[in-house]
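Reading through the structure tokens given below for one structure.
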Protein chains: 2
Amino acid sequence: MAGRIPWQSDGEPPACPRLLLHSGATLLSQTVEYALRAATYLATSPDEPRTVDQIAEATLVPVAYLAKVMQALVRGGIVTSRRGVGGGFTLVRSPRELRILEIVQAVDPIQRITTCPLGLASHGTNLCPLHRRLDNALAAMEDAFSTTTLAEVLSEPSSSVPLCGFPGGKPAKSR
Amino acid sequence: MAGRIPWQSDGEPPACPRLLLHSGATLLSQTVEYALRAATYLATSPDEPRTVDQIAEATLVPVAYLAKVMQALVRGGIVTSRRGVGGGFTLVRSPRELRILEIVQAVDPIQRITTCPLGLASHGTNLCPLHRRLDNALAAMEDAFSTTTLAEVLSEPSSSVPLCGFPGGKPAKSR
DNA sequence: GGCAAAGCGGATGATAACGTCCATTATTGT
DNA sequence: ACAATAATGGACGTTATCATCCGCTTTGCC
């Protein structure tokens, strides 16, 4: 009964095997997308572990690659893994305490610009105005991610966002 | 006398031929970095055109690749180009009217998430909570870039940021 | 017209990101 | 002990990004 994620109805699996998030820009890496989907899915069943196959099926992420991403999450201390029958991945902390920034940092860390990227030692701790602006933008991104927990993502607190349900009422019919 | 950019002293050229902005994360693409440096440099001499070689030398960007980036800026309507002797690139609009977001969009557009990346038609115009958060972060980034003009980058209005000068006094000695 | 300066465009190569495959190891159940 | 399950790690293949090179065209100057 667990395993209901916001972007998925528990009816039939939708028919989009492969997908492409950003056609032109690279702002959010594919890997981050995958990690966030996986974590969101795991948050729906914090108690029992989920296998890579289960996660992949639910999140529409290529299985083999997801395995790599999950290992990154393990190394990052986001999830624990258990092998063998009944094994799988489980979130280490409760979704309420897990900020999505932590997931991002585990798989593809946002590197703030602390030093001049041109390598000029003379700049010391001071950034050029340009790179200060860029770093500000990174900070805004960090902030947007650090102020949101997985639990908040799961059940949208503000009721104005209809949780990706079906406004009309009908789930996506496959014909 | 134009050609002074915030991160460079007009003394000797610093000895960092190649550089690497982000070792782990891909948030800002290299191409965007290059484009912003070039635009910042061009803003120091809005009147007369600058050649690729001049820009490359000043911004420490690989010449051959910079040529490609400049072409993207031309196509994006950010700069104009003139061939032949005395030719080069010039900003189309004044630095005061040029938001750095426009430069970003010209070379590597930030694509907002307007539709469910999983391709579920059922979601319609509503985003899942997760992707709504991600899009919010993108919006924050966009906003950070759209509220800054090139002119503001060039001469930092707030005097607290010392414009990448040398605090101690000495430029980077090469030994 | 001829020559040099400079951008333009296509072809090619290097490196990292993305993705797959398979053997190995750990765990559970019989 | 044996077999089935599931994560782990390494090798490999594919694709996009970053980067270089070279021939072509346009422009200005003599």
Side-chain angles (χ1 to χ4, degrees), chain A residues 17-35 37-38 42 48-57 59-76 78-92 107-109 111 117, chain B residues 17-38 42 48-57 59-76 78-90 92 107-109 111 117:
Chain A
R18 199 65 56 87
L19 43 105
L20 200 53
L21 174 56
H22 24 243
S23 56
T26 329
L27 265 196
L28 263 18
S29 79
Q30 201 85 354
T31 306
V32 167
E33 251 278 331
Y34 294 164
R37 287 192 209 168
L42 287 183
E48 48 192 336
R50 294 292 176 191
T51 71
V52 166
D53 294 87
Q54 288 177 314
I55 303 172
E57 190 187 9
T59 59
L60 298 177
V61 172
V63 202
Y65 189 63
L66 180 64
K68 300 295 183 195
V69 178
M70 293 312 296
Q71 287 178 33
L73 289 180
V74 169
R75 280 190 290 269
I78 305 297
V79 304
T80 52
S81 61
R82 278 178 54 86
R83 302 205 215 194
V85 183
F89 298 92
T90 323
L91 288 178
V92 168
V107 297
D108 197 359
Q111 298 214 331
Chain B
R18 200 62 57 86
L19 42 105
L20 201 54
L21 174 57
H22 24 242
S23 56
T26 328
L27 265 197
L28 263 18
S29 79
Q30 201 84 354
T31 306
V32 166
E33 253 276 332
Y34 294 164
L36 286 174
R37 287 191 209 168
L42 287 183
E48 47 192 338
R50 294 294 176 189
T51 71
V52 166
D53 294 87
Q54 288 177 315
I55 304 172
E57 189 187 9
T59 59
L60 299 178
V61 172
V63 203
Y65 189 64
L66 180 64
K68 301 294 184 192
V69 178
M70 294 312 294
Q71 289 177 33
L73 290 180
V74 170
R75 281 189 291 269
I78 304 297
V79 304
T80 51
S81 61
R82 278 179 52 86
R83 302 204 216 193
V85 184
F89 298 91
T90 323
V92 168
V107 296
D108 197 359
Q111 297 214 333

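Proteins come first, then strands; the chains are lettered A, B, ... in the order of their sequence lines, and each starts at number 1. Just so it is clear, the model here is predicted, and its values are computed rather than measured.
- Atoms CG (L73(A)) and P (dA7(D)) sit 13 Å apart, rounded to a whole Å.
- Considering only residues two or more places apart in sequence or on other chains, R75(A) meets the side-chain contact (heavy atoms from CB on, under 4.5 Å) condition with Q71(A), A72(A).
- We find that CG of L66(A) is positioned 11 Å from P of dT8(D), with the value rounded to whole Å.
- Judged as a side-chain contact (heavy atoms from CB on, under 4.5 Å), and not counting sequence neighbours, the contacts of T31(B) are S29(B), Y65(B), V69(B), V107(B).
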Taking only N/O atoms, report every protein-nucleotides 9-12 of chain C pair under 3.5 Å with atom names and distance.
unit_1	atom_1	unit_2	atom_2	d
dG10(C)	N7	K68(B)	NZ	3.3
dG10(C)	O6	K68(B)	NZ	2.6

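- Side-chain proximity of R83(A) to the nucleotides dA6(D), dA19(D), dT27(D) is greatest for dA6(D).
- Taking atom CZ of residue R37(A) and atom P of nucleotide dC18(C), one finds them 13 Å apart after rounding to whole Å.
- Between S81(B) and dC8(C) there is a side-chain polar atom (N or O) within less than 4.0 angstrom of OP1 or OP2.
- Atom CG in L60(A) sits roughly 13 Å away from atom P in dG19(C) (whole-Å rounding).
- Annotation: of the two residues near DNA chain C, T31(A) and G86(A), the 5′-most nearest-nucleotide partner is T31(A).
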Between the protein and nucleotides 2-4 of chain C, list the N/O to N/O atom pairs that are separated by less than 3.5 angstrom.
none

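- The two residues G86(A) and P49(A) have their closest heavy-atom pair at O-CG, 3.2 Å.
- The CG-P distance, from D53(A) to dA4(D), rounds to 17 Å in whole Å.
- Note: Q111(A) CD to L28(B) CG = 12.5 Å, rounded to the nearest 0.5 Å.
- The phosphate of dA19(D) has OP1 or OP2 within less than 4.0 Å of a side-chain N or O from Y34(B).
- Here Y65(A) does not reach the OP1 or OP2 of dT20(C): none of its side-chain N or O atoms lies under 4.0 Å away.
- T59(A) contributes atom OG1, which lies 10.0 Å from atom CD of E33(A) (distance to the nearest 0.5 angstrom).
- At whole-Å resolution of the value, CZ in F89(B) and C1' in dA5(C) are 13 Å apart.
- With sequence neighbours excluded, the residues that form a side-chain contact (heavy atoms from CB on, under 4.5 Å) with V92(B) are T80(B).
- Spacing between atom CD of E48(B) and atom P of dA6(C) amounts to 13 Å, rounded to whole angstrom units.
- To the nearest 0.5 Å, the span separating CG on L60(A) from CG on L66(A) amounts to 11.0 Å.
- Side-chain contact between F89(B) and L73(B) is absent, with no heavy atoms from C-beta onward closer than 4.5 Å.
- Distances from the side chain of R82(B) to the nucleotides dT8(D), dC21(D), dT27(D) place dT27(D) closest.
- Across every non-hydrogen atom of L42(A) and M70(A), the tightest pair is CD1-CE, 4.0 Å.
- Comparing atom distances between the Q30(B) side chain and each of dT8(D), dC18(D), dT20(D) picks out dC18(D) as nearest.
- Taking V85(B) as the reference, nothing meets the side-chain contact (heavy atoms from CB on, under 4.5 Å) condition, with sequence neighbours excluded.
- With rounding to whole Å, D108(B) atom CG is found 12 Å from dA16(D) atom C1'.
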